[in-house]
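Reviewing the structure listed below.
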Amino acid sequence: MSDVLAIADHRRGELRDISFELVTAGRELANETGGDLHVAVISGDTERFGEQLKLDGVDTVHTVNHGEEFNHGVYAQTVTQLFDAVAPQFLLMPNSVNGLDYAPAVANRLDLTYVSDVVDIGVDGSTLTATREMYGGKVETTTAVEADQVAVSIRGAEWPATEDTGDATVEAFEADVDESAVRSTVTGFEEVGGGDVDISEADVLVSVGRGIEEEENLDLVRDLADALDATLSSSRPIVDAGWLPKNRQVGQSGKVVTPDVYIAIGISGAVQHVAGMKGSDTIVAINTDPNAPIYDIADYGIVEDLFDVVPALIEEFQ
Amino acid sequence: MKVLVTVKEVAAVEDEFQIAGTSIDETYLEYDLNEWDDYAVEEAVQLQEAGIADEVVAVTIGPERSEETIRMALAKGADRAVRIWDDALEGADLLDVGAKTAILEKVVEEEDPDIVLSGVQADDDGFGATGVSLADALGYEWAAVVNHLDQDSVESGTASVRRELEGGVEELTDVELPAVLTIQTGINEPRYASLRGIRQAQRKEIAPKTLGDLGLDAAAVENELELTDMYEPETESDATYFEGGPDEAAGQLADLLREKGVGAQ
């Protein structure tokens, strides 16, 4: 029992990036345990996915041909059966939105200890050490798990993707899916956030976060955007509060943007936000908290109150 | 129809804080209702106001201190609350998903709701797993990361929901009831408790229960997780900082932006 089983993530005909990151994390773990790395892909075009997952470091790819799109009822049953067949020491799953929808059920069904959203993992004998964030990213922690078998979900973009092809064996896995236990049905997908503006097309974005405090203060950043001939965008809390429409949201669940200049105002830089703007050419951050993670990726920073800096900046351009 | 909402009091950490061992010193913590749970409570109360839910019950696992926070859920419209705490839970610095599942499973079995609403995750430990784990343990159906619930569908025995996927895509899903829905922020606009609500909440019941009351013993919540280290993440900033006060810094930033052609008419 030293193998590692990783479950690939896909949507609407494409393997998602985290699938290739799971391979890297899985290979690291398998090197520690001395076991094999198994990767499973469930539903969709499993023939093509199976070929794409024959990556460096993978020993066996298991393909489960059942339906097109993700369904947690199918996944929960299938992953449980794969786990019993492979009998791995570690089960790796993605901490994606779909991962959130099946990984806890699998862990419950298999009575496994579950550690979610890890950003680093190590093994010391029979102890797994997982690095995780707590308190909204304010601290990092290490958690030791003493168990023969453990279920883990990994955060996206923490491991590099494995891209090189290897010589894995691809095997079809015959899952026994009880359809009467599949009690939710996906009826469709919808792109959201259309409308008056496409922030992903903008060259310059003035982006506002929780630090703006009140809805009426938004006029301040609107004025700045006007003065700079820039487009206004925001982080999640502003959209959640209903102050700006969804099409203005930058981040994991919003838009991915890559402008020439991104000015983050009162944005702390949570990982979900950074995922949507880290590809910007020049990043400027204005935030009173010198420890805010936004400064980790900023090229330029001003550690001052936005209510002092922004009016001064507007003045410069009038 | 009965709706049960799982709520949690979480600690938020101030900008400046001190870590002692594997925890943060109490003086730097501020306790509040978990942000995701606030949206779950609002969704439940809206079902009640629409005449779909007859009763909304809030459930929490937490020490006596958390009653103040739980009372906010009652002030916003939940009818009563159940609070589970036990000496066996006192020492654990991290309660794992299995333990939370075991406790909540017993409460849900007693209450027998049609819908359980829980937040997608708690802001402190950030596991994001209890709702789905609970559903599986109960044999309930579920949906994770729900950002829209069609109220009318609920009465037909199937909840039509939207799940918020990555990249601005939503999945439309029909979920058979009974079910657990994990609620994403932004699904609604959580109300502020009214003065009248706050007064009424003082008279609403918060029933304390121990593990023994639920027919569990300490072994059911034994933890396989041990927090061994806690530290502030290393800052990797190699940003150039503009200093000298807001005006001076704004001037330097303006020069940079002009250099990059920003704001040029």
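All chains are named by letter (A, B, ...) in the order of the sequence lines, taking the proteins before the strands, and each is independently numbered beginning at 1.
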Counting heavy-atom pairs under 4.5 Å to chain B, which of A:Ala312, A:Ser96, A:Ala144 comes out on top?
-> A:Ala144
Name all residues meeting the side chain to side chain donor-acceptor pair (under 3.5 Å) criterion together with B:Asp25; count only those two or more places apart in sequence or in a different chain, and write none if there are none.
-> B:Thr27
What residues, two or more places apart in sequence or in another chain, satisfy salt bridge (Lys or Arg N to Asp or Glu O under 4.0 Å) together with B:Lys76?
-> B:Asp38
Ranked by heavy-atom pairs below 4.5 Å to chain A, first place among B:Gln184, B:Glu232, B:Glu234 goes to B:Gln184
Sequence neighbours left out, what pairs pass ring pair (Phe, Tyr, Trp, His ring centres under 6.0 Å) with at least one residue falling in residues 161-182 of chain B?
-> none
Once you round to the nearest 0.5 Å, how far does NZ of B:Lys106 lie from CG of B:Leu104?
-> 12.5 Å
Chain B contact via A:Ile263 - which portion, at a heavy-atom distance below 4.5 Å | side chain
Could you tell me which of B:Val175, B:Thr228, B:Asp238 has the largest number of non-hydrogen atom pairs under 4.5 Å with chain A?
-> B:Thr228
May I ask you to check whether B:Phe127 and A:Tyr114 place their ring centres under 6.0 Å from each other?
-> no
Does the ring center of A:Tyr102 lie less than 6.0 Å from the ring center of A:Tyr75?
-> yes
Under 4.5 Å to a heavy atom of chain B? For A:Glu140 that would be both
If one checks every heavy atom of A:Glu69 against chain B at 4.5 Å, the contacting part turns out to be neither
Applying a criterion of heavy atom separation less than 4.5 Å, what residues of residues 163-174 of chain B form contacts with chain A?
-> B:Arg163, B:Glu164, B:Leu165, B:Glu166, B:Gly167, B:Gly168, B:Val169, B:Glu170, B:Glu171, B:Leu172, B:Thr173, B:Asp174
